[in-house]
Amino acid sequence: MTDLETRTTGRAGALRRAAPALLGYAAVRALGLLALALWSAARDKSAYTLLTARWDSLWYTRVADLGYGYEVRLPNGDVHSNLAFFPLLPWLERFGAAISPLSYADAGFVVSLLASLAAAWGIFAVAEHLYGRRAGVCAVLLWAVLPVGIVQSMAYSESLFTALAAWSLYAVLTGRWVTAGALAALAGLTRPVGLAVAAAVWAAAVVAFVRSRSDGVPDGAHGPERAPGGGARRVLGMLLAPLGAAGYVLWVGHRTGKGPLGYLDVQAGWRNGFDGGVAFARFVAGRFTGFPSALAGVGLVVGVALLVWLYVVCVRQRQPLALLVYAGIVTVLALCASSYFGSKPRLLMPAFPLLLPLAVALARLRTSRSALIVGGVAVASAVYGAFWLNGSGPP
C-alpha cells in the first residue's frame, strides 16, 4: 500500500471506531435541541434566536461583520469592548458567510455544530488511547450530558476551543509535536484559556526531553510522549503553541496603546480578572444568608468539592502530564476568575479530562446499566438546558 492509502485507511478505521461515540453524542444533542424547541415554543420564544443571537453570540457576529473597535459604555463607568473576544470564531463566521448564503449568525451556528462533533471525536480519541474504546464512548457521552451541554450547540466558542484542545492533547499523547503546537496556537486564537493548551504542550515536551536524557536513549525512541518525532519537531511544536494567544494579546495591547498588558485592561472593563477565587468565595458565602438560597450555596460547595475530587482522582490514576496541566489550568482559571459567576459552568466545560475517571467507572458497568444512567442524565440535561437558556443563562 502507498503512504496515501495507509493514511486514508487509518482515518477510515479511526472514524469507524469513533462512530458509536459520535452517534451517541448526536442523539444527546438532538434531544437537547428538541427539548429547547418545545420549551421555547411554549414560552413563545425562538429557540434558534436563543442559540445564535444572545450574549456572546451577538458580540462574535458583530466582530465578524464590522471588525474590532466596537464598545459599550455603561452608566457605572464600565466599558465593554469587543476586543475581549478572540478572533478565530468570528473569522470562521465571516468565511462561512462569504462562501455561502448563510448570515454570520447562521455560520456561527454551523461552526459550533461541526466543532462539537470534532470535539466529541477528539475526546473519544484521547480516552480511547488511554483507557480503551468503551471508555472513549463513555467519555463522549458524559461530556454531552453535562448540565450546560446546550452551550455545545450555541454560536459560542466553547465547542471550537474544546475540539482544538482535545486534538492538540491527542497529538501530544501520540508524539505529533508540530500538530500539537499548531492546534494549540489555534486554540489560543479562540479563547484566553488557550494558554492552558500551550502549557500542556510545553510541559509534556519538557518531560519528554528530560526522560530522553535520563534514559540515555535517542530522542523519540519510545514512549507515547516521545514517539514519533525528534527534538527539532518537539521544539517547533513548543514554539508554535503559544503564538495564537500571545499574538492576539500583544495585538490588543498595541491597538489600545497600553502595551503587553493592554488586554487585561480590556477584561477589567468587563469586570473580569483573576483574584484567586476571592470574589467567588464571597459569592458562595452570600448564598448562606437565608433560605432557600442556602441550598444553592450547598450545591456550589458540593460542585467545587466534586471538581477537586475528580482532579485528585485524575492524578492518582496517573493521567498524562499534558492532561493534568491542561485540566488544572482550565479549572483554576474558571473558579478563580472574578467574572460573572453564572458563566463558570460553561467555562469549565472544556476541562474534559476531569470526566475520564467517571468514564472509566461507567465503562466497567453492564451496557444496559450504563445506557440507563446516561439516558436518564441526558433527559435531565436536556430539560435543564431548555429551562436555563429560556431563563437567565448562559452569560
Side-chain angles (χ1 to χ4, degrees), residues 29 33 36 46-72 74 78-119 148-165 185-195 197 244-245 247-249 251-252 255-256 263 266-267 269-272 333-334 337 339-340 342-350 385 388-389 392-395:
R29 290 273 44 85
L33 292 174
L36 176 64
S46 167
Y48 189 70
T49 299
L50 294 176
L51 292 169
T52 61
R54 185 170 181 173
W55 295 95
D56 289 9
S57 301
L58 294 173
W59 287 90
Y60 283 122
T61 54
R62 186 178 291 273
V63 173
D65 184 19
L66 303 175
Y68 286 105
Y70 175 79
E71 62 183 28
V72 175
L74 303 183
D78 290 345
V79 179
H80 290 183
S81 168
N82 64 0
L83 289 170
F85 296 87
F86 277 50
L88 186 57
L89 179 56
W91 286 347
L92 293 175
E93 290 178 342
R94 182 178 296 176
F95 176 76
I99 64 172
S100 72
L102 297 176
S103 68
Y104 296 120
D106 295 337
F109 181 65
V110 172
V111 168
S112 291
L113 289 182
L114 296 177
S116 67
L117 288 172
V148 294
I150 190 64
V151 175
Q152 297 163 17
S153 300
M154 296 182 66
Y156 272 41
S157 61
E158 273 76 10
S159 290
L160 179 60
F161 174 77
T162 304
L164 294 168
L186 290 174
L189 285 171
T190 308
R191 299 186 63 81
V193 76
L195 288 174
V197 189
Y248 181 69
V249 167
W251 178 80
V252 170
R255 182 182 176 96
T256 59
Y263 183 76
V266 171
Q267 287 285 11
W270 286 81
R271 294 188 179 271
N272 290 337
L333 289 179
S339 58
Y340 181 63
S343 301
K344 294 190 182 297
R346 71 175 177 88
L347 296 180
L348 286 164
M349 193 168 59
W388 186 52
L389 199 53
S392 61

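Position 1 is the first residue of the sequence, and the numbers go up from there. Here the structure is a predicted model, which is why all the values come from computation and not from measurement.
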If we ignore hydrogens and angles and just use 3.5 Å, is the side chain of [X] paired with the main-chain N or O of [Y] as donor and acceptor?
{"X": "Arg255", "Y": "Leu83", "result": "no"}
{"X": "Arg29", "Y": "Ser116", "result": "no"}
{"X": "Asn82", "Y": "Gly67", "result": "yes"}
{"X": "Ser112", "Y": "Tyr156", "result": "yes"}
{"X": "Thr190", "Y": "Phe161", "result": "no"}
{"X": "Ser159", "Y": "Gln152", "result": "yes"}
{"X": "Ser157", "Y": "Leu160", "result": "no"}

To the nearest 0.5 Å, what is the distance between [atom1] ([X]) and [atom2] ([Y])?
{"X": "Tyr104", "Y": "Leu66", "atom1": "OH", "atom2": "CG", "result": "8.0 Å"}
{"X": "Thr256", "Y": "Tyr68", "atom1": "OG1", "atom2": "OH", "result": "13.5 Å"}
{"X": "Leu58", "Y": "Asp65", "atom1": "CG", "atom2": "CG", "result": "12.0 Å"}

Give me the atom names and distance for the closest heavy-atom approach of [X] to [Y].
{"X": "Ala84", "Y": "Gln267", "result": "O-NE2, 4.2 Å"}
{"X": "Ala97", "Y": "Ala107", "result": "N-CB, 4.1 Å"}
{"X": "Gly149", "Y": "Met349", "result": "CA-SD, 4.5 Å"}
{"X": "Ser153", "Y": "Leu33", "result": "CB-CD2, 3.9 Å"}
{"X": "Tyr248", "Y": "Leu189", "result": "CB-CD2, 4.4 Å"}
{"X": "Ala165", "Y": "Val197", "result": "CB-CG2, 3.8 Å"}

[X] vs [Y] side-chain heavy atoms within contact, under 4.5 Å:
{"X": "Phe95", "Y": "Val111", "value": "no"}
{"X": "Glu93", "Y": "Leu89", "value": "yes"}
{"X": "Leu333", "Y": "Leu195", "value": "no"}
{"X": "Thr61", "Y": "Thr52", "value": "no"}

request  = Could you go through the side-chain contact (heavy atoms from CB on, under 4.5 Å) check for Trp55 and Leu50 one step at a time?
outcome  = CA-CA 9 Å; Trp55 295 95; Leu50 294 176; over 6 Å; no

task = Please test Phe86 against Val193 for side-chain contact (heavy atoms from CB on, under 4.5 Å), starting from the C-alpha separation and ending with a verdict.
result = CA-CA 10 Å; Phe86 277 50; Val193 76; over 6 Å; no

request  = Not counting sequence neighbours, which residues clear side-chain hydrogen bond (donor to acceptor under 3.5 Å, both in side chains) with Arg271? List them please.
outcome  =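 Checked Arg271 against side-chain hydrogen bond (donor to acceptor under 3.5 Å, both in side chains); matches are Asp78.
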
ask   = Do the rings of His80 and Trp270 sit parallel, tilted or perpendicular, given the 30° and 60° boundaries?
value =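 Plane angle under 30°, so parallel.
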
ask   = Which is it for Leu92 and Tyr60 under the side-chain contact (heavy atoms from CB on, under 4.5 Å) test, yes or no, and what are the steps along the way?
value = CA-CA 10 Å; Leu92 293 175; Tyr60 283 122; over 6 Å; no

key: From CA spacing to verdict: side-chain contact (heavy atoms from CB on, under 4.5 Å), Leu347, Arg191   = CA-CA 10 Å; Leu347 296 180; Arg191 299 186 63 81; 3.2 Å; yes

ask   = Strictly under 6.0 Å, is that where the ring centroids of Tyr70 and Phe85 end up?
value =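 Tyr70 vs Phe85: aromatic centres not under 6.0 Å.
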
